[in-house]
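Structure first, commentary second.
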Amino acid sequence: MQSETTILYGKPVVQHIRERLKTDIQSLATKGIIPGLAVILVGEDPASRVYVRNKEKAFKELSCYSKTFQFSTTATETELINLIQSLNQSTEFHGILVQLPLPSHLNEKLITNTVSPDKDVDGFHPMNLGLLLQGIPRFVPCTPNGIIEMLKFYNITTEGKHVVILGRSNIVGKPMFALLVQKFKMGNSTVTVCHTKTQSLEKITKQADILIVASGVPHLVNGNMVKAGVHIIDVGINQVKDDSVKGYKLTGDVDYDSVLGIAKSISPVPRGVGPLTITMLASNTIQAAKNN
Ligand code: NAD
């Protein structure tokens, strides 16, 4: 029998978190502190430019400060490291973010690891990832943190649930695992992480009470691969060519229509997890300003 699937929109979650952040921003303002984010952007990648523009907009709306340091594609490691080292000392910027991907001649790890762990609002620094694994997180990577907020907002509990994560990237899959496995209220899950070498994927996805899909493969998951009543978080953002004026449409990693009536809930693409990532970045930047 088919049942109704709840659509987990990101916007109400964002509004809810922003209300919480406003209190912190106001209390910092009384001390003359405006949370500041430095964004380092190298090259002309259109997706990165859109993402950086959206960050600037969100920070402005929250009365926070952000500044983009733009470099040409030919920027050198030394130039970027010098800038990051001076930003590490700055009192104006509480958070530093290096927009990825970087051009291939640049050592991404070396550059991102130069960001002080105290200003690592992306939560990618080995020290912050280590703290997360130890269960004492400081800066949690933004997308997994946003997913936890989404689950909490829609009263989807994780304790004792089997959560299946598709994807083992450093920015989504692995930190998602590290959060859900902790002895936290929004944790205490039994977690299975799948990847490209996973065999019989369908057998595993069918066991999920909560399925988090971050594979970057459009429509990897369909209605035949999930059990009735599953909650699905679709993280994927893929541009798929179509006949529209833009020439493409955005689609997730889940064949949305095929899971309707089977899943208990699903986050859509677009308008699902996407808007939460930037909000959690603002949240981390405010946290950094408070720590400071
Ligand atoms: P990634 O390419 O770094 O990692 C993808 C992961 O999926 C890999 O670990 C790989 O092993 C796994 N995978 C790929 N094909 C698979 C298959 N057939 N079966 C099982 N596992 C498979 O990607 P990422 O950076 O983690 O991003 C994943 C998706 O999420 C992308 O579409 C990206 O655009 C999107 N994303 C969205 C947000 C957001 O704010 N909503 C943030 C980050 C990433």
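The structure presented is a predicted model; accordingly, all values stated were derived computationally and were not measured. Here, residue 1 is the first one in the sequence, and each next residue gets the next number. Just follow the structure's listing: the first ligand is 1, and inside any ligand the first atom is 1.
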Shortest reach to atom 8 (C) of ligand 1 by a heavy atom, considering only H195, R168, K174: R168
One thing to verify: whether E202 and K206 come together as a salt bridge, which I'm taking to mean a side-chain N less than 4.0 angstrom from a carboxylate O. yes
Given side chains that start at C-beta, do those of K185 and K152 come closer than 4.5 Å, heavy atoms only? no
Going by the order shown, which atoms of ligand 1 are within less than 4.0 Å of some heavy atom of I171? 25 (O), 43 (C)
Nearest neighbour in protein (non-hydrogen) for atom 36 (N) of ligand 1: V235 O, 3.7 Å
Electrostatic pair E19:K22 at N-O distance under 4.0 angstrom: yes
Have T78 and T76 got a donor and an acceptor in their side chains that come within less than 3.5 Å? no
Considering only non-hydrogen protein atoms, determine which one is nearest to atom 44 (C) of ligand 1 and report residue, atom name and distance to 0.1 Å. V172 CG2, 4.0 Å
Are any non-hydrogen side-chain atoms of Y256 and I7 less than 4.5 angstrom apart? yes
May I ask you to check whether I237 has an N/O atom sitting below 3.5 Å from an N/O atom of ligand 1? yes
Checking contacts now, so for atom 26 (O) of ligand 1, which I'm interested in, is there any protein heavy atom under 4.0 Å? yes
Has K246 got its NZ or CZ under 6.0 Å from the middle of the six-membered ring of Y248, at an angle within 45 degrees of the ring axis? yes
Are the side chains of P35 and L28 in touch, meaning some heavy atoms are under 4.5 Å apart? yes
I'd like to know if E61 pairs up with R18 as an ion pair, taking the criterion as any Lys NZ or Arg NE/NH1/NH2 lying under 4.0 Å from an Asp or Glu carboxylate oxygen. yes
Nearest non-hydrogen partners of Q99 and V52, listed with the distance: OE1-CG2, 3.7 Å
So the atoms of ligand 1 within less than 4.0 Å of a heavy atom of L220 turn out to be 17 (C), 18 (N), 19 (N)
Is D253 in polar range of ligand 1, meaning some N or O pair under 3.5 Å apart? no
Between T196 and ligand 1, which residue portion shows a heavy-atom distance shorter than 4.0 Å: side chain, backbone, both, or neither? both
With backbone taken as N, CA, C and O and side chain as the heavy atoms from C-beta onward, which portion of N238 lies under 4.0 Å from ligand 1: side chain, backbone, both, or neither? side chain
Taking only non-hydrogen atoms of G167 and a 4.0 Å limit, the atoms of ligand 1 in range are 6 (C), 7 (O), 9 (O), 12 (C)
Atom indices of ligand 1 within 4.0 angstrom of G236 heavy atoms, with elements: 29 (C), 30 (O), 32 (O), 35 (C)
Would you mind checking which non-hydrogen protein atom is closest to atom 39 (C) of ligand 1, with the distance to 0.1 Å? T277 OG1, 3.6 Å
Note: ligand 1 atoms sitting under 4.0 Å from heavy atoms of V217 are 15 (N)
To check your reading of the model: name the closest protein heavy atom to atom 42 (C) of ligand 1, its residue, and the distance in Å. T143 OG1, 3.2 Å
Is G173 in contact with ligand 1, taking contact as a heavy-atom separation below 4.0 Å? no
Considering G216, G252, S215 one by one, which has a heavy atom nearer to atom 5 (C) of ligand 1 than any of the others? S215
Tell me whether the rings of F93 and F69 are parallel (<30°), tilted (30 to 60°) or perpendicular (>60°). perpendicular
Given P270, S169, G10, identify the one with the heavy atom nearest to atom 3 (O) of ligand 1. S169
Measure across P218 and T251 and return the closest heavy-atom pair with its distance rounded to 0.1 Å. CB-CG2, 4.1 Å
What one should report as the nearest heavy-atom pair of T73 and V42 is CA-CG1, 4.4 Å
I'd like to know if T198 contacts ligand 1, where contact means a heavy-atom distance under 4.0 Å to any ligand atom. no
